[in-house]
Amino acid sequence: MRTEVAIIGAGPAGLLLGALLARAGVETVILERKSRDYVLGRIRAGVLEQGTVDLLARAGVEARLRREGLVHEGFFMGFANRRLRIDLTELTGGRHVTVYGQTEVTRDLMDSRDAAGLTTIYEAEDVAIHDFDRDTPCVTWVKDGVHHRLDCDFIAGCDGFHGVCRASVPSGAIQLFEKVYPFGWLGVLADVPPCSHELIYANHARGFALCSMRSPTRSRYYVQVPADEDVGAWSDQRFWDELRLRLDPEAADRVVTGPSIEKSIAPLRSFVAEPLRFGRLFLAGDAAHIVPPTGAKGLNLAAGDAYYLSEALAEHYRERSDAGIRAYSERALARIWKSERFSWSLTMLLHRFDTMSPFEQRMQEADFRYVESSRAAQTAIAENYVGLPL
Ligand code: APR
Ligand code: PHB
């Protein structure tokens, strides 16, 4: 079997890259370790930058998103039972974000890929990548006990944080930057109307809480918990009680409770690999970087990588120029580090750290008071939240 670009991983990074390359006439095969249903069962964030929506439109998957996505022109930051609205649209000259679940983005991309007759191989076991430092790379895997091989020109490592691609790079050729936060987010999905029509990110003495949503009838809530917390210790009732304690009285009053349909704990991490190209292997999405979810940047960063990489590969096939391929790592990393900075700073502002000294605690309060009083500070948050230009 042969293709032009072998894509490892059918998450948003791999699927969007495949869709953008298809538009550019570049052939791809996607290899995914899990089943389609398993991938679609993962609940992840749900805030899309306008640039991400534009990329999905370019990839031909905007119809349902335009119909069902919720346009948000602002969000709230809570501190000490007070609430500050960041007016995204007013502060950024008319921009907004769209609330639409990552699961739905993934489903739309999978459906469109299937409709176009493009190859995606699910449940590919023991995927291994070979010879990406030569002109003739290939990928091998096992499916239903049978060994397979795919020859290709390039390999796109879109296989997430725990994937095989980054792990296949010799350790001397890659540098890793990492910060692990001493807490996680306990998330609950429930079919209840959201307590606020816009997201609320709340810093409270008991810990951070986030009120988000998937639709007017489906809410997504999170509370900060210790990193080693057992999800089994959290009954629905305990979750709802804790959430209410961390919100300002008005928001707490409006929380409608109901049975959870998903409940899980995600660790918080900042992570960047450098560089993102190793000969004919590229890293994109969570394989290349992780941001804590506080800034809602994970999916949007993956989309940015897919854009830069698709442009570079299209240029290779269309114009016989490798300038874009040579520039990919630097171009993508410039934007990645800015998103890392924003996600890290919002995480530091909004969470409670057991290790914080009284001085650092006062600094956090002063930081919030400054944002409250300064249009310039609010503008900086807004321009990052709606997404820096691609
Ligand atoms: N072989 C094949 N596929 C693999 C392998 C492997 N060895 N390892 C992992 N995968 C698959 C995973 O099963 C997953 O479906 O790669 C895919 C990676 O998808 P994601 O984890 O969703 O990562 P990405 O596409 O980069 O999307 C980034 O996901 O985690 C969120 O916050 C993040 O929103 C961001 C987005
Ligand atoms: C979510 O809806 O899951 C969500 C929203 C915003 C974030 C993180 C997660 O910053």
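Whatever order the structure lists ligands and atoms in, that order sets their numbers, starting from 1.
Summarising the contacts of atom 9 (C) of ligand 2 with Ser212, Ala296, Gly187, Ala45, the nearest heavy atom is found in Ala45. Among Glu125, His289, Glu32, the residue whose heavy atom lies nearest to atom 12 (C) of ligand 1 is Glu32. Comparing Ala266, Pro12, Ala124, Gly11 against atom 19 (O) of ligand 1, the shortest heavy-atom distance belongs to Gly11. The nearest non-hydrogen atom to atom 15 (O) of ligand 1, considering only Arg42, Lys34, Arg33, comes from Arg42. For atom 1 (C) of ligand 2, the nearest non-hydrogen atom from the set Lys297, Gln102, Arg214, Arg44 belongs to Arg214.
The cationic group of Lys179 does not satisfy the cation-pi geometry with Phe177, failing either the under 6.0 Å distance to the six-membered ring centre or the 45° limit from the ring axis. Taking the centre and axis of the six-membered ring of Phe154, the NZ or CZ atom of Arg280 falls inside the cone set by 45° and 6.0 Å. Both tests pass for Arg238 against the ring of Trp234: distance under 6.0 Å to the centre and angle within 45° of the axis. Relative to the ring axis of Tyr122, Lys143 does not place its NZ or CZ within 45° and under 6.0 Å from the centre.
A ring-centre distance under 6.0 Å is found for Phe271 and Phe161. In this structure, Phe76 has its ring center no closer than 6.0 Å to that of Tyr201. Close placement of the Phe183 and His351 rings is indicated, their centers lying within 6.0 Å of each other.
Polar contact check, Met213 against ligand 2: no nitrogen or oxygen pair lies under 3.5 Å apart. At under 3.5 Å, not a single nitrogen or oxygen of Tyr385, backbone or side chain, sits near a nitrogen or oxygen of ligand 2. In terms of polar-atom proximity, defined here as any N/O pair under 3.5 Å, Trp185 makes no such contact with ligand 2. An N or O contact shorter than 3.5 Å is missing between Arg220 and ligand 2 by distance. When only interatomic distances are considered, the shortest N/O to N/O separation between Ala13 and ligand 1 falls below 3.5 Å. Among the atoms of Gly160, none of the N or O lies under 3.5 angstrom from an N or O of ligand 1.
The contact set between ligand 1 and Gly163, taken as ligand atoms under 4.0 Å from a residue heavy atom, comprises 8 (N). Per-residue contacts place Val47 under 4.0 angstrom from the following atoms of ligand 2 (heavy atoms of the residue considered): 5 (C), 6 (C). Listed by atom number, the atoms of ligand 1 under 4.0 Å from Leu31 heavy atoms are 2 (C), 3 (N). Which parts of ligand 2 touch Thr294 is read off a 4.0 Å heavy-atom cut-off, strictly below it: atoms 10 (O). Applying the 4.0 Å criterion to heavy atoms of Leu199 picks out, from ligand 2, the atoms 5 (C), 6 (C). Distances below 4.0 Å separate heavy atoms of Gly285 from the following atoms of ligand 1: 26 (O). Within ligand 1, the atoms closer than 4.0 Å to a non-hydrogen atom of Leu299 are 34 (O), 35 (C), numbered from 1 in the order shown. When each atom of ligand 2 is checked for a heavy atom of Pro293 under 4.0 Å away, the hits are 7 (C), 8 (C), 10 (O). Each of the following atoms of ligand 2 lies closer than 4.0 Å to a heavy atom of Tyr201: 6 (C), 7 (C), 10 (O). Here is the list of ligand 1 atoms found below 4.0 Å of a heavy atom in Val164: 7 (N).
Under the 4.0 Å criterion applied to side-chain N and carboxylate O atoms, Arg113 and Asp111 are not assigned as salt-bridge partners. Classification of Asp153 and Arg2 as a salt-bridged pair holds, one side-chain N sitting under 4.0 Å from a carboxylate O. Between Arg85 and Glu73 there is no salt bridge, since no side-chain nitrogen of the basic residue lies less than 4.0 Å from a carboxylate oxygen of the acidic one.
Taking each heavy atom of Asp236 and Pro259 in turn, the nearest pair found is OD2-CA, 3.5 Å. Across every non-hydrogen atom of Ala173 and Pro275, the tightest pair is O-CD, 3.5 Å. The heavy-atom pair separating Leu16 from Leu55 by the smallest distance is CD1-O, 4.2 Å.
Looking at Leu210 against ligand 2, only its side chain comes within 4.0 Å, counting heavy atoms. Here Ile8 has side-chain heavy atoms under 4.0 Å from ligand 1, and that is the only part of it that gets that close. Contact annotation for Asp159 and ligand 1: heavy atoms of both the backbone and the side chain come within less than 4.0 Å of the ligand.
Formation of a donor-acceptor pair under 3.5 Å by the Arg166 side chain with backbone atoms of Ala287 is found in this model. No side-chain donor-acceptor contact under 3.5 Å links Glu49 to the backbone of Val97. Looking only at distances, a side-chain donor or acceptor of Trp240 sits under 3.5 Å from a matching main-chain atom of Gly258.
Nearest protein heavy-atom neighbour of atom 28 (C) of ligand 1: Asp286 OD1, 3.3 Å. At the top of the distance list for atom 29 (O) of ligand 1, counting protein heavy atoms only, stands Gln102 NE2, 3.0 Å. Atom 32 (O) of ligand 1 has its closest protein heavy atom at Gly298 CA, 3.7 Å. Closest to atom 22 (O) of ligand 1, if we only count protein heavy atoms, is Arg44 NH1, 2.5 Å. Remark: minimum distance from atom 3 (O) of ligand 2 to any protein heavy atom is reached at Tyr222 OH, 2.6 Å.
Residue Cys158 places a heavy atom less than 4.0 Å from ligand 1.
Counting heavy atoms of neighbouring residues, nucleotides and ligands inside a 6.0 Å radius, atom CZ of Arg42 exceeds 12 of them.
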